[in-house]
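Just follow the structure's listing: the first ligand is 1, and inside any ligand the first atom is 1.
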Amino acid sequence: MTEKLCNPDATELHDNIARVRERIENACVRAGRCSDEVTLLAVTKTVSVERINAAIADGITEIGENRVQEYLQKRDALLPVKAHLIGHLQTNKAAQIAHRVAMVQSVDSLRVAEALNSAAEKHGITLDILAQVNIGGEESKSGVAPVEAAEFCAALREFSALNLRGMMTIPPISDTEYKKREYFSRMSQLFIDIRTKNVDNSSMDILSMGMSDDYEEAVLEGSTMVRVGSAIFGKRNY
Ligand SMILES: *Cc1c(COP(=O)(O)O)cnc(C)c1O
């Protein structure tokens with residue numbers, strides 16, 4: 001442990017994680033929510049195995065990676081952790097990832113779902129997934145349109161080796177708290193609507209939204225999982 005204290009990078013990482021956790025907690029207090037309703041997922045794209053492991057040693061239990069290749073290169077050297085795929089998935093990569101992550105959050109088409117389902121079946125597992133919704137309807141972002149979300153979720157529930165746990169979104173970049181909250185609020189409402197319509201609603205419990213610049217607003221609007229990268233690991237060098 002003394003080693004950790006003497007390593008300035010580990011100390012900074014520790015402070016960053018503590019600060020993010022504190023802000024999540026404060027947002028929960030403001031929203032009248034319990035802080036254990038919100039999971040902190042550390043986004044580790046471009047981050048080295050050493051630093052990811054330092055974060056895990058500091059209490060991070062879930063990580064998010066964007067690219068299949070990058071994740072598979074790091075995977076064997078990671079301390080025990082739940083890994084989530086959060087970046088756009090190409091159908092031809094589904095077989096490589098389905099049995100190697102705890103969850104795929106970026107399911108944005110039935111083709112991808114079908115590929116994940118066959119891969120999961122082959123390995124005899126049930127894979128947790130989230131439906132990605134493009135809440136701002138942006139050209140540049142993946143995800144189904146909000147008006148298609150209910151039908152999409154219903155279709156996803158038909159895959160026997162997939163377990164639809166909820167929804168994920170990346171809203172447009174907004175510069176005011178008001179605008180940020182408006183998108184999150186819309187997403188939250190959509191999530192609640194779809195969950196309520198679902199007869200067997202027991203497993204839809206995750207609303208993944210909020211990143212470094214807006215996770216507090218996301219928590220205020222009902223997020224149950226925030227995906228935080230640069231506020232923990234610093235600015236990324238691509
Ligand atoms: C990179 C990324 C994040 C984290 O972004 P930060 O702004 O660094 O917190 C979250 N979600 C997705 C899908 C990402 O690609």
Side-chain angles (χ1 to χ4, degrees), residues 12-13 15-24 27 38-48 51-52 54-56 58 60-74 81-90 93 97 101-109 112 116 128-144 149 165-177 179-181 183-184 187-188 191 206-238:
E12 193 186 324
L13 204 53
D15 291 347
N16 289 349
I17 293 169
R19 191 176 320 113
V20 171
R21 286 202 191 283
E22 190 183 320
R23 289 191 175 172
I24 291 171
V38 182
T39 302
L40 171 59
L41 180 110
V43 175
T44 52
K45 62 188 177 215
T46 78
V47 178
S48 71
R51 299 190 74 218
I52 299 172
I56 296 170
D58 203 84
I60 289 294
T61 56
E62 320 223 3
I63 62 166
E65 282 279 345
N66 283 60
R67 288 152 163 261
V68 171
Q69 232 44 53
E70 182 184 340
Y71 167 62
L72 293 181
Q73 277 165 16
K74 296 173 183 173
V81 69
K82 277 190 181 170
H84 298 234
L85 187 74
I86 59 172
H88 179 70
L89 177 63
Q90 285 168 307
K93 301 256 174 72
I97 203 78
V101 284
M103 188 183 295
V104 175
Q105 299 202 1
S106 44
V107 177
D108 56 3
S109 74
V112 163
L116 286 171
D128 283 347
I129 59 164
L130 301 182
Q132 185 172 351
V133 175
N134 186 359
I135 194 66
E138 293 168 287
E139 205 62 61
S140 61
K141 295 216 168 99
S142 305
V144 300
R165 293 288 305 273
M167 297 157 90
M168 183 270 253
T169 198
I170 309 169
I173 294 169
S174 305
D175 48 10
T176 64
E177 175 173 341
K179 276 194 264 174
K180 288 175 186 175
R181 289 187 64 167
Y183 282 111
F184 289 135
M187 185 64 214
S188 218
F191 174 69
I206 298 176
L207 179 55
S208 170
M209 59 184 195
M211 320 203 311
S212 291
D213 284 334
D214 55 18
Y215 64 91
E216 290 158 289
E217 288 84 359
V219 168
L220 289 173
E221 296 298 339
S223 171
T224 72
M225 184 176 281
V226 293
R227 310 178 309 268
V228 180
S230 43
I232 292 176
F233 297 106
K235 218 165 161 275
R236 281 181 292 275
N237 292 310
Y238 285 100

Quick test: of every protein heavy atom, which one is nearest to atom 6 (P) of ligand 1, and how far off is it to 0.1 Å?
Ser212 OG, 3.4 Å
Is the closest basic N to carboxylate O distance between Glu221 and Arg181 below 4.0 Å?
yes
To which protein heavy atom is atom 1 (C) of ligand 1 closest, and what is the distance rounded to 0.1 Å?
Lys45 NZ, 1.4 Å
For Val43, take its heavy atoms, then give the atoms of ligand 1 lying under 4.0 Å from any of them.
1 (C), 2 (C), 3 (C), 4 (C), 10 (C)
Take Val228 and Ile24 through the test side-chain contact (heavy atoms from CB on, under 4.5 Å) and record every step on the way to the result.
CA-CA 11 Å; Val228 180; Ile24 291 171; 5.7 Å; no
Does the side-chain contact (heavy atoms from CB on, under 4.5 Å) test come out yes or no for Thr176 and Lys179, once each step is laid out?
CA-CA 5 Å; Thr176 64; Lys179 276 194 264 174; 3.4 Å; yes
Note: ligand 1 atoms sitting under 4.0 Å from heavy atoms of Ile86 are 11 (N), 12 (C), 13 (C), 14 (C)
Looking at Asp128 and Arg165, is there a salt bridge between them, counting it only when a charged N and a carboxylate O are closer than 4.0 Å?
yes
Stepwise side-chain contact (heavy atoms from CB on, under 4.5 Å) test for Leu41 and His84:
CA-CA 9 Å; Leu41 180 110; His84 298 234; 3.3 Å; yes
Ignoring angles and geometry beyond distance, decide whether Gly229 reaches within less than 3.5 Å of ligand 1 through its nitrogen or oxygen atoms.
yes
Report yes if Asp213 has an N/O atom closer than 3.5 Å to an N/O atom of ligand 1; otherwise report no.
no
Rounded distance (nearest 0.5 Å) linking atom CZ of Arg67 with atom CD of Gln90:
9.5 Å
Where at least one partner belongs to residues 227-238, residue pairs that pass salt bridge (charged side-chain N to carboxylate O under 4.0 Å, His left out), sequence neighbours excluded:
none
List every atom of ligand 1 that sits less than 4.0 Å from any heavy atom of Arg227, numbering the atoms from 1 in the order shown and giving each element.
4 (C), 9 (O), 10 (C), 11 (N), 12 (C), 13 (C)
State if Arg236 counts as touching ligand 1 under the rule of any non-hydrogen atom under 4.0 Å.
yes
Look at atom 10 (C) of ligand 1 and say which protein heavy atom is nearest, naming residue and atom and giving the distance to 0.1 Å.
Met211 SD, 3.2 Å
Against heavy atoms of Val228, which atoms of ligand 1 measure under 4.0 Å?
9 (O)
Measure from the side-chain N and O atoms of Gln105 to the backbone N and O of Ala131, and report whether any donor-acceptor pair falls under 3.5 Å.
no
In ligand 1, which numbered atoms sit nearer than 4.0 Å to a non-hydrogen atom of Ile170?
13 (C)
